[in-house]
Amino acid sequence: STHRKELVSTITRNKEIRIVIPFVGKHNFIACSQQIYEYDPARNKRINEREDLLDRCTDETNKYLLTLSPYFVRERDVRKQNFLLKSVICVERIGDLAKDVIKSLNVLIEDNKMFSDSALKELRITLDAVDEILDKTFDAFRYNNVEQMKKVEPLEEVIDDLIAQLNTRHVTRMTHNDCDVFLGIQFQNILTALENISDQCSDMAIYMIELVEKDIVGKEHEYIHKLHHSDDVLFKQNYKLNREKYFRRLLEVPVLTSDK
């Protein structure tokens, strides 16, 4: 029957959505990160091509999911449809934010400037943390693993803490003439893009958790606030482990050139 064909097609497309779209988004993030340390003009072209592919995949996926609306009659199916629609948009946004990193980097390249050694090491730590949260998020999305998604929010908070610390260190460099305003603006632009990528991962995690915890639907901010200020053992354990992991590395990086 037509309904059965649509169902089979939906199952196939569901696998494509969960595998292909996140893969393209993650690949572009890795390429953007590589550009900071090993700049290659040819890589920019490939990044743009993948970004265009990601945009087309997202558009086609959204159209397809919306055409299936008449077949989603159960509340559970409607919630699943909404989850996929919102998640795909998050991945597209992650791709856009990765391109924002490239925009700031291209400004530096055009002016023949680059960040200090300390700033580059700080960015490497932050990029690694964002790379990890992308892996956690996309793996959980791919395998429909809600428990894995619950490990995303603790890391997201650590990334917020990390970026706040990097901004403080950046101000210190500015006041000691270790960094000029031009470099400082691009450094903060990249940090903002990385923080927003982490936020998109947090959003995807919440959308998946909502599938099994319906009482948080429409109360996402309240849920996150309570989680951050609760005695949730899993959250605290993961937060502590992630904070120690990344802040230990940060402590090894001198703030100023004169501190070396």
Side-chain angles (χ1 to χ4, degrees), residues 22-23 25-38 90-91 94 97-98 100-101 105 115-143 145-173 187-206 208-209 223-256 259-260:
F23 173 80
K26 177 66 189 301
H27 194 161
N28 244 15
F29 172 79
I30 292 172
C32 291
S33 300
Q34 289 174 333
Q35 286 294 72
I36 297 175
Y37 302 94
E38 300 171 1
C90 283
V91 180
I94 287 168
L97 291 164
D100 287 346
V101 172
L105 181 62
F115 301 124
S116 66
D117 185 56
S118 289
L120 284 171
K121 288 179 179 177
E122 291 171 357
L123 279 178
R124 181 71 273 168
I125 295 167
T126 311
L127 287 164
D128 288 348
V130 174
D131 184 75
E132 181 179 352
I133 200 171
L134 284 169
D135 278 343
K136 288 182 183 297
T137 305
F138 290 165
D139 284 349
F141 179 68
R142 184 177 299 118
Y143 299 111
N145 189 331
V146 175
E147 292 307 310
Q148 176 72 0
M149 272 297 194
K150 290 184 178 181
K151 297 179 180 179
V152 170
E153 193 60 34
L155 181 52
E156 190 275 337
E157 186 168 1
V158 169
I159 291 171
D160 284 350
D161 294 346
L162 191 61
I163 289 174
Q165 186 62 36
L166 263 56
N167 278 317
T168 299
R169 291 164 70 100
H170 159 68
V171 170
T172 300
R173 282 194 290 270
F187 185 72
Q188 289 191 318
N189 285 345
I190 290 176
L191 289 182
T192 298
L194 295 178
E195 184 173 19
N196 287 335
I197 288 174
S198 176
D199 289 341
Q200 293 298 316
C201 290
S202 172
D203 287 347
M204 284 185 70
I206 296 300
M208 178 172 277
I209 294 169
Y223 170 81
I224 292 174
H225 179 78
K226 286 183 177 179
L227 187 61
H228 286 195
H229 297 86
S230 70
D231 293 322
D232 187 281
V233 176
L234 181 62
F235 180 89
K236 286 192 168 184
Q237 284 178 345
N238 281 287
Y239 174 79
K240 182 180 179 181
L241 287 171
N242 288 316
R243 186 177 175 85
E244 289 176 350
K245 176 180 179 180
Y246 290 106
F247 273 80
R248 188 188 313 118
R249 290 174 58 186
L250 184 60
L251 287 173
E252 297 173 358
V253 180
V255 179
L256 303 173
D259 291 338
K260 293 181 179 179

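C32 and A98 get closest at one heavy-atom pair: SG-O, 3.3 Å. Annotation for G25 and V91: closest pair CA-CG1, 4.5 Å, computed over non-hydrogen atoms. Contact between T137 and C201 at its shortest, heavy atoms only, is OG1-CB, 3.2 Å. Listed here is the closest heavy atom pair of M204 and C90: CG-CB, 3.4 Å. Scanning both residues, R243 and V158, for their nearest heavy atoms gives N-CG2, 3.7 Å. Scanning both residues, L120 and Y37, for their nearest heavy atoms gives O-OH, 2.6 Å.
Side-chain contact between L162 and I125: present, with at least one pair of heavy atoms (C-beta onward) separated by less than 4.5 Å. A 4.5 Å side-chain heavy-atom check between N28 and I94 finds every atom pair outside the cut-off. The side-chain heavy atoms of L166 and L250, taken from C-beta on, include a pair separated by under 4.5 Å. Using a 4.5 Å heavy-atom cutoff, the side chains of V253 and R124 are not in contact. The closest side-chain heavy-atom distance from I190 to L194 is below 4.5 Å. The shortest distance between side-chain heavy atoms of V101 and I36 falls below 4.5 Å. Using a 4.5 Å heavy-atom threshold, the side chains of T192 and F187 count as separate.
Between the CD atom in E244 and the CG atom in N242 there is a gap of 9.5 Å [rounded to 0.5 Å]. Atom NE2 of H170 sits about 9.5 Å away from atom CZ of F115, to the nearest 0.5 Å. Distance CG/L97 to CZ/F29: 10.5 Å, rounded to 0.5 Å. The distance from the CG atom of D199 to the CD1 atom of I133 is 8.5 Å, given to the nearest 0.5 Å. Remark: I159 CD1 to E195 CD distance equals 9.5 Å, nearest 0.5 Å. Note that CG of D139 and CG of L134 are 10.5 Å apart. Values are rounded to the nearest 0.5 Å.
The ring-ring contact (aromatic ring centres under 6.0 Å, His included) analysis of residues 118-141, with sequence neighbours excluded, yields the pairs F83-F141.
Side-chain atoms of D131 do not come within 3.5 Å of backbone N or O of L127 as any donor-acceptor pair. Formation of a donor-acceptor pair under 3.5 Å by the S118 side chain with backbone atoms of P254 is found in this model. A distance-only check finds no donor-acceptor pair linking the side chain of Y143 to the backbone of Q148 [under 3.5 Å]. In terms of modelled atom types and a separation under 3.5 Å, the side chain of T126 and the main chain of E122 share a donor-acceptor contact. Distance alone, capped at 3.5 Å, places no donor-acceptor pair between the S202 side chain and the S198 backbone.
Relative to the six-membered ring of F23, R142 misses at least one condition, a distance below 6.0 Å or an angle of at most 45° to the axis.
For the residue pair D232 and Y239, no side-chain donor N or O sits within less than 3.5 Å of a side-chain acceptor on the partner.
Under a 4.0 Å N-O distance rule, the pair R249/E252 does not qualify as a salt bridge. Ion pairing of E132 with K151 is absent here, as no side-chain N (NZ or NE/NH1/NH2) approaches a carboxylate O to less than 4.0 Å.
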Problem set entry | Chi angles and distances behind the side-chain contact (heavy atoms from CB on, under 4.5 Å) call for K150, F235 | CA-CA 8 Å; K150 290 184 178 181; F235 180 89; over 6 Å; no
Exercise. Please walk me through it: do D100 and N189 pass side-chain contact (heavy atoms from CB on, under 4.5 Å)?
Worked result: CA-CA 8 Å; D100 287 346; N189 285 345; over 6 Å; no
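For the salt bridge (Lys or Arg N to Asp or Glu O under 4.0 Å) test, no residue two or more places apart in sequence or in another chain qualifies with E156.
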